Structures are given as C-alpha cells and as structure tokens.
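Chain letters run A, B, ... following the sequence lines, proteins first, then strands; residues in each count from 1. Computed from a predicted model, the values in this text were never measured in an experiment.
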Protein chains: 2
Amino acid sequence: MLPAPFIEPFSPPRRILMGPGPSDVYPEVLAAQAKPTIGHLDPLFVEMMDELKALIQYAFQTNNEMTMAVSAPGSAGMETCFVNLVEPGEKVIVCRNGVFGERMRQNVERVGGVAVVVDNEWGEAVDTDQVASALAANPDAKFLAFVHAETSTGALSDAKALCALAKQHDCLSIVDAVTSLGGVELLVDEWGIDAIYSGSQKCLSCVPGLSPVSFSPAAVAKLKARKTPVQSWFLDQTLVMGYWDASSDGKRSYHHTAPVNALYALHESLRLLAAEGLELAWQRHADMHQVLRHGLQRLGLKFVVAEACRLPQLNAVYIPEGIDDAKIRKQLLENYNLEIGAGLGALSGKAWRIGLMGFGARRENVALCLKALEEVLA
Amino acid sequence: MLPAPFIEPFSPPRRILMGPGPSDVYPEVLAAQAKPTIGHLDPLFVEMMDELKALIQYAFQTNNEMTMAVSAPGSAGMETCFVNLVEPGEKVIVCRNGVFGERMRQNVERVGGVAVVVDNEWGEAVDTDQVASALAANPDAKFLAFVHAETSTGALSDAKALCALAKQHDCLSIVDAVTSLGGVELLVDEWGIDAIYSGSQKCLSCVPGLSPVSFSPAAVAKLKARKTPVQSWFLDQTLVMGYWDASSDGKRSYHHTAPVNALYALHESLRLLAAEGLELAWQRHADMHQVLRHGLQRLGLKFVVAEACRLPQLNAVYIPEGIDDAKIRKQLLENYNLEIGAGLGALSGKAWRIGLMGFGARRENVALCLKALEEVLA
C-alpha cells in the first residue's frame with residue numbers, strides 16, 4: 001500500500017476578488033452551498049430546480065423552455081452549444097476579437113464544422129459591417145457565433161445588431177454571455193438570441209463551476225432535426241432535458257448526478273439578482289465603473305478598450321512602462337489580499353484586468369483597489 | 001422586461017442519504033466548501049491543488065502523474081477516458097452487466113469507436129472467461145472497458161483479473177470506479193489499471209459534481225500518439241493538464257475556471273479518507289454491510305446479487321411481492337427523512353438500492369434504516 005499523505009485542512013484567506021472571475025461571492029451564496037445535501041431526485045430538490053429554471057430565464061430575459069444550468073464551468077457551456085447544434089460540415093461564422101472567440105473557433109472545428117473567422121483587433125468590438133459582409137459572402141452559413149463581452153479584453157459587442165444580422169441571413173446565433181450576464185443589458189428573447197451560455201462565477205457572484213444555458217425554439221428545432229448523434233454523451237441536451245424537464249408523466253429521468261450544492265449556490269445568487277432587479281444591477285455596474293475609471297485615469301492608467309464599447313465589469317488597463325507586472329500583482333495579493341487579473345493571450349504581460357462583477361461591484365472594493373494601486377505604483 | 005420571480009431562499013431538510021449517491025456528506029466537507037472563494041490561479045489555491053493531486057493518488061493507490069479531478073460529475077469522468085483514449089475506428093471490448101456498462105458502450109460509439117459487448121445478466125459480476133474469449137476473438141481490440149462496482153445492481157467485478165487479461169492481450173483497461181473508490185479494495189498501480197474515473201458523491205462522501213481520474217503512463221502515451229484531435233475541447237486532457245501540472249517554467253496555464261469551492265470540498269473529503277486510512281475505510285464498509293445484511297434478511301428481503309460478488313456499499317434487494325415501491329420510499333423520505341434508492345433500468349420497480357457509502361457507512365444509519373424499513377413494511 002502507498003502511504004497516506006498527511007495533509008492539514010485547507011484554510012484560504014479572505015481575498016477581495018477583482019480579477020476576471022471568480023468574483024467576490026455573496027456571503028449568502030457560500031452559506032447556501034453549505035446546506036445539507038439532498039438527493040438529486042428528491043421532490044424538494046426537483047422543486048428547487050423548477051425555481052432555478054425560472055431564475056435563469058429571468059436573468060437571460062427569456063421564455064425559452066430549454067433553459068438550464070450545465071453541470072460544469074462556462075467552457076462546457078460553450079461546448080454544449082456547439083456540440084448540440086453544429087453538425088459536421090456545417091458552416092459557422094465566428095467572430096474573433098479575443099481569447100474566447102478563438103475558443104469558439106476551436107469548438108467549431110472539434111465538432112467537425114467549418115469556421116469562417118471574422119477578425120477584429122484585441123480590444124475592439126466585433127465589427128457589424130464585417131459580419132454583414134461575411135454573412136453575405138457565405139450564404140451557406142448556418143450559424144453566427146460571437147462573444148458578447150470579451151473577458152480577455154473588456155470589449156462589449158453589439159449583440160442586438162449581430163443577432164438581427166444573423167436572422168436576416170437565416171443563421172442561428174450562438175452567444176457567449178459568460179461575462180455579460182447580470183452586468184450589462186442582455187435581452188435574449190427581444191434580441192432573438194438562439195443559443196446562449198454563461199458562467200456562475202462572473203456577474204452572478206456565485207461559486208465557479210456551473211454554466212447557465214438557454215436554447216430558443218429555433219435552436220431546439222435544429223437540435224431535434226439532427227442527422228447525426230451529438231458526439232458528447234455528457235452534454236447531449238436531449239438527454240439532459242429528460243432530467244431538467246419532467247416528461248408528460250411528471251417523472252424526471254436520471255442522466256447524471258446533479259451538483260446539488262453548487263445548484264443551491266446558483267439558486268441563491270440568482271435569487272439575489274432577481275431581488276435587486278436586473279436593471280438596478282446593470283446600473284450599479286455602470287456606476288461603479290465610472291468611479292473606478294476616474295480613479296484609474298487619475299493614476300495615469302490607460303484603458304485598452306475605447307469608451308464606446310468598454311465593459312463596466314471588466315476594466316483592462318495597460319501596465320505602465322517599466323512596471324513589473326507580476327511583482328505588482330503579488331504585492332496587491334500579499335499585502336492587501338486583493339486579486340486583480342493578469343493579461344491573457346495577446347495582452348499577457350501588457351495589461352491588467354480589473355473586474356467589477358456582481359457582489360464585487362461596490363464602493364468599498366473600488367476604493368480599496370484604487371488606494372492599493374496608488375500605493376504599489378508609487 | 002420580463003418580471004423578476006419572487007423566490008424564497010431554499011432550505012433543504014437534513015436527510016439521511018442511503019441511496020446510490022449522493023451519500024451523506026461529511027459535515028467538515030460542507031464547512032470546507034463554504035470557505036471564502038479565492039482565485040483559481042492564486043498561489044495558495046495552486047498549493048491546495050498539489051495536495052489534492054497527492055490525495056487522489058493515494059485514494060487510487062497510484063503514482064500516475066496524470067491524476068486530477070475533472071470539473072464535472074462522474075459521467076464526464078467516463079467521457080474523459082473514452083474521448084481522450086479511443087480514436088475513431090478503434091475496437092473496445094465493453095463489459096455490460098448494468099446501466100453503466102451500457103453507458104460505456106454509448107461513449108465508445110459517440111467517439112467513433114467500435115464496441116464489442118460482453119454481456120452478463122444484471123446483478124452478476126463480469127465473467128472473466130467470457131472476457132478472455134472476447135479478447136482472443138478480437139485480436140485487434142485496443143481497450144477493455146468495465147465497471148468495477150455496478151451502481152445499478154451492486155455487483156463487484158474482479159478488476160485485478162480483468163486488467164491482467166487486458167494486459168495479456170495488449171489492451172489498455174478503462175475502469176469505472178465511481179462507486180468502488182473508498183468503499184472496497186482498489187489498487188490502480190498494482191492491478192495495472194490504465195484509465196480510471198470515479199465520482200465525488202459516493203464513498204468519498206463529498207458533494208456531487210467532481211470526477212477524480214487517473215491515466216497510467218501507457219494511457220498517456222496512447223493519448224500523445226493520437227492521430228486525430230480529441231473531439232471535446234473541455235475534456236481534452238492535454239489541455240487540462242497544463243493547468244493541473246505546472247510546466248517546466250513552473251507556470252500553470254489557464255484552461256477553464258476551476259470549481260474552486262467544490263475542490264475545497266474534495267480536498268477535505270480525501271483528507272478525511274487519508275486520515276482514516278484506506279484499509280480501515282474498506283473494513284468499515286464491509287462491517288456495516290454485514291450488520292445491514294443480517295437485518296435485511298431478518299426482514300425477509302432478498303439480495304439481487306450473490307454473496308460472492310456483492311458490494312458492501314450498495315445493497316440491492318428485491319421489493320417484496322405486493323409492496324408499493326414509490327409509496328414505501330415516500331414514507332421513508334417524509335416520515336424518517338431517509339432516502340433509499342429506486343431500482344434503475346432493468347431493476348426499476350423491482351428492487352431498492354440501499355447505499356452504505358463513506359460517511360454514511362455507520363451504525364446509526366444502519367440502525368435507522370432497518371427500523372424504518374421494519375415499520376413501513378409492517
């Protein structure tokens with residue numbers, strides 16, 4: 001027998017999380033998660049799931065029946081959309097203006113689809129004119145895929161206009177709302193979004209690990225009309241929905257064991273969002289962003305993204321000349337328990353990403369962040 | 001705007017979970033999970049992950065470098081093994097003696113493999129002679145896949161003998177240890193298991209949602225020699241390991257946001273297992289099973305599985321003639337807060353599944369279960 005390692009209980013410090021996520025988790029969410037585990041087929045749990053579905057529908061502003069939480073992080077939510085909807089050989093226009101657009105392209109290729117990439121610079125929004133041209137040039141395209149809020153840069157794209165273009169060209173839209181949900185305006189039904197996924201750990205201020213998703217009736221029809229089986233068993237929505245939606249006889253069929261306690265946490269975080277109200281939450285993110293923006297600019301820091309398409313909840317600023325990226329972040333973490341995000345991909349070593357997400361978007365966090373940055377940059 | 005639903009906080013009751021999982025969660029694990037969320041790239045979190053890897057290696061009794069927890073439930077752990085190792089056209093001998101063997105077969109087909117099924121009756125162990133014949137008859141087979149402990153029936157198969165057969169025939173073994181890990185003897189390195197997955201919510205008594213997995217050096221070599229890309233981005237182990245294992249420069253690369261708090265929980269549950277010691281935990285499961293078995297037999301209940309291959313941690317018993325399955329389980333749940341499991345698949349409506357898993361395998365649970373069953377069956 002290999003010997004047992006002797007390991008102490010893990011005692012994480014209380015960090016202030018102002019990176020690109022996970023964000024500061026609501027205390028009520030941590031408490032909800034620690035409630036007693038019950039069975040995933042317990043009638044009381046099933047009632048909780050019905051409430052959770054209604055809460056996800058509210059957050060997405062949709063009446064879509066196929067609305068649920070994937071039992072895995074946002075990347076799995078992304079894969080859920082592509083693996084269920086795109087069949088081998090089908091063409092997808094993919095907008096790429098950061099890390100997550102590129103990840104979408106990789107997903108298209110892994111399901112055997114054909115990706116036509118519309119590139120914009122890192123930090124720019126997706127250009128609707130370029131997308132219109134790509135759609136016109138590819139009349140056989142079946143999907144338009146784009147990231148609403150690019151977590152790698154902090155750029156917000158015009159989801160409403162892009163989905164309208166998709167509709168004009170008979171394409172289904174697949175939208176990454178990982179960082180946008182709860183932080184900026186997002187109206188799934190009104191904008192005609194067909195498939196959308198998000199993550200629990202950004203503006204919902206829930207623990208990481210779950211991905212809310214929603215499919216429009218048109219997306220469901222596409223899924224049902226598939227000629228080939230969904231290549232993933234775990235993410236096959238036709239199977240998963242047997243658990244999330246009671247069939248005609250009121251029974252739920254077992255698919256996989258739901259992450260019970262994580263779903264308690266998501267229920268609580270969405271409940272808090274509903275209690276605040278989406279519009280007030282969006283306004284709070286915008287307001288906190290203004291306070292942070294003024295402070296960062298007073299410190300001489302320059303934004304990566306132009307004001308017109310800047311996300312309030314993710315503030316990417318260039319690291320000043322001569323400043324040691326890692327050293328500054330280490331000081332913030334060790335001396336102030338403050339986490340800000342490093343640059344990702346093309347912005348690695350060049351920018352910091354300061355998150356103001358969900359419960360993290362409040363005055364005390366902004367004040368701490370500004371003062372700590374002032375001190376470590378002095 | 002669609003209106004916000006008004007929903008109260010969810011307050012689950014304290015159930016006693018004696019079904020097929022989730023099992024009773026250690027109080028320490030629930031408490032660990034509620035500790036403050038920190039970043040998935042925080043140096044302290046990364047240290048915790050190194051400890052977690054050592055703890056998973058201990059539980060599996062392996063030195064395999066590629067050992068980690070998939071950020072999703074056991075079904076995703078299963079898919080991780082098949083999607084990374086099996087390439088299109090490759091032949092897999094799949095042993096099927098319950099629900100999860102059949103799920104393995106579906107996984108093989110979804111990755112484009114060719115499944116050769118060795119069937120045994122529900123409730124029987126996998127027959128090693130039949131497997132030997134199938135291996136002999138299929139010299140082009142590349143894998144042998146089987147379930148160590150069938151959760152749908154409670155049958156234990158001889159993993160050691162099966163893996164030895166696989167080796168004789170130059171096949172890699174893929175083993176489902178969802179219900180066996182922590183509950184019965186399991187020696188990954190000594191038995192020569194090549195790919196194994198488990199779940200957090202059975203004999204580890206952690207919250208549901210994570211899947212410990214481990215690949216032998218031979219499995220890693222097979223993965224590295226692939227001619228085709230892994231069809232899943234989320235489950236691609238070559239990408240995931242960039243996060244779980246620091247590369248030569250000591251940096252971890254971002255793949256997806258780890259389910260931070262769920263990993264705290266798994267760390268704590270495996271720590272408790274290591275503190276007890278695997279052999280004592282196995283013995284405790286065996287001892288509690290004997291007490292339960294005597295009691296169930298005194299109540300006239302008959303086991304589905306023959307004694308020689310009966311799992312201590314999952315006791316499937318036939319529902320007596322004339323007894324209303326759903327009514328009894330409802331009474332147990334509502335009057336005693338006791339959950340036992342329904343039958344699954346071929347045993348649906350015909351059997352109950354009584355779990356004695358991890359923290360659930362203790363005298364007070366057995367006593368309650370026996371007395372409650374005596375009362376509701378009277």
Side-chain angles (χ1 to χ4, degrees), chain A residues 1-2 4-5 7 9-10 12 14-15 17 19 21-22 25 30-40 42 44 48 51 54-55 58 61 71-73 75-76 79 106-107 110 199 201 207-209 229 231-234 254 256-262 264 267-268 271 274 277 279 339 344, chain B residues 1-2 4-5 7 9-10 12 14-15 17 19 21-22 25 30-31 33-40 42 44 48 51 54-55 58 61 71-76 79 106-107 110 199 201 207-209 229 231-234 254 256-262 264 267-268 271 274 277 279 339 344:
Chain A
M1 294 284 294
L2 301 174
I7 287 172
F10 182 59
R14 170 76 186 87
R15 303 288 203 207
L17 300 177
V25 174
L30 288 177
Q33 203 192 16
K35 290 185 181 176
T37 307
I38 63 175
H40 56 292
D42 191 307
L44 296 176
M48 195 281 297
E51 292 180 353
L55 286 162
Y58 169 70
Q61 287 288 295
S71 303
S75 311
E79 190 159 324
Q106 291 176 25
N107 266 270
R110 295 209 185 201
Q201 81 284 11
V207 293
Q231 70 185 21
S232 169
W233 187 91
F234 176 60
Y254 162 71
H256 64 270
T257 304
V260 172
N261 293 66
Y264 294 169
H267 180 274
E268 182 62 16
R271 211 186 62 75
E279 287 150 305
E339 178 179 277
L344 190 60
Chain B
M1 294 284 294
L2 300 175
I7 287 172
F10 182 57
R14 169 76 186 85
R15 303 287 202 207
L17 300 177
V25 174
L30 288 177
Q33 202 192 16
K35 289 184 181 176
T37 308
I38 64 176
H40 56 292
D42 191 307
L44 297 177
M48 196 281 297
E51 292 180 352
L55 287 163
Y58 169 68
Q61 287 289 293
S71 303
S75 312
E79 190 158 324
Q106 292 175 25
N107 267 270
R110 295 210 185 201
Q201 80 285 10
V207 293
Q231 70 186 21
S232 169
W233 187 91
F234 175 60
Y254 162 70
H256 64 270
T257 304
V260 173
N261 294 65
Y264 294 170
H267 179 275
E268 182 62 14
R271 211 186 61 74
E279 286 149 305
E339 178 178 276
L344 191 60

By a 4.5 Å heavy-atom criterion (distance strictly below it), what part of [X] contacts chain A: side chain, backbone, both, or neither?
X      : result
B:I38  : both
B:F10  : both
B:E339 : side chain
B:V260 : both
B:E268 : side chain
B:E79  : side chain

Top residue by heavy-atom pair count (under 4.5 Å) with chain A, among [options]?
options                       : result
B:P73, B:A262, B:A258         : B:P73
B:P229, B:G21, B:P259, B:G209 : B:P259
B:M48, B:H267, B:Q61          : B:Q61
B:V207, B:V25, B:N261         : B:N261
B:T37, B:L344, B:I7           : B:I7
B:A274, B:G74, B:A76          : B:A76

**Q.** ring pair (Phe, Tyr, Trp, His ring centres under 6.0 Å) against A:H40, all qualifying residues, sequence neighbours excluded
**A.** A:Y254
Q | With sequence neighbours excluded, residues passing ring pair (Phe, Tyr, Trp, His ring centres under 6.0 Å) with A:Y58 | A | none
Does the side chain of [X] reach to within under 4.5 Å of the side chain of [Y], using non-hydrogen atoms?
X     : Y      : answer
B:P36 : A:R15  : no
A:L55 : B:P5   : yes
B:P22 : A:T257 : yes

Q) Considering all heavy atoms of both residues, which atom of A:S75 and which atom of B:F234 are nearest to each other, and what is their separation? A) CB-CD1, 4.0 Å
Q | Distance-minimising heavy-atom pair for B:H256 and B:S71 | A | NE2-OG, 2.7 Å
(Q) If you count heavy-atom pairs within less than 4.5 Å of chain B, which of A:Q201, A:M1, A:E51, A:R14 leads? (A) A:M1
Q.
Between A:Y264 and A:A31 (side chain of the first, backbone of the second, donor and acceptor by atom type, cut-off under 3.5 Å), is there such a pair?
A. no
Q.
Is it the case that the side chains of A:W233 and B:Q106 hold a donor-acceptor pair, with the cut-off being a distance below 3.5 Å and no angle test?
A. yes
Q: Would you mind checking which part of A:L44 comes under 4.5 Å of any heavy atom in chain B, side chain (CB onward), backbone (N, CA, C, O), both or neither?
A: both
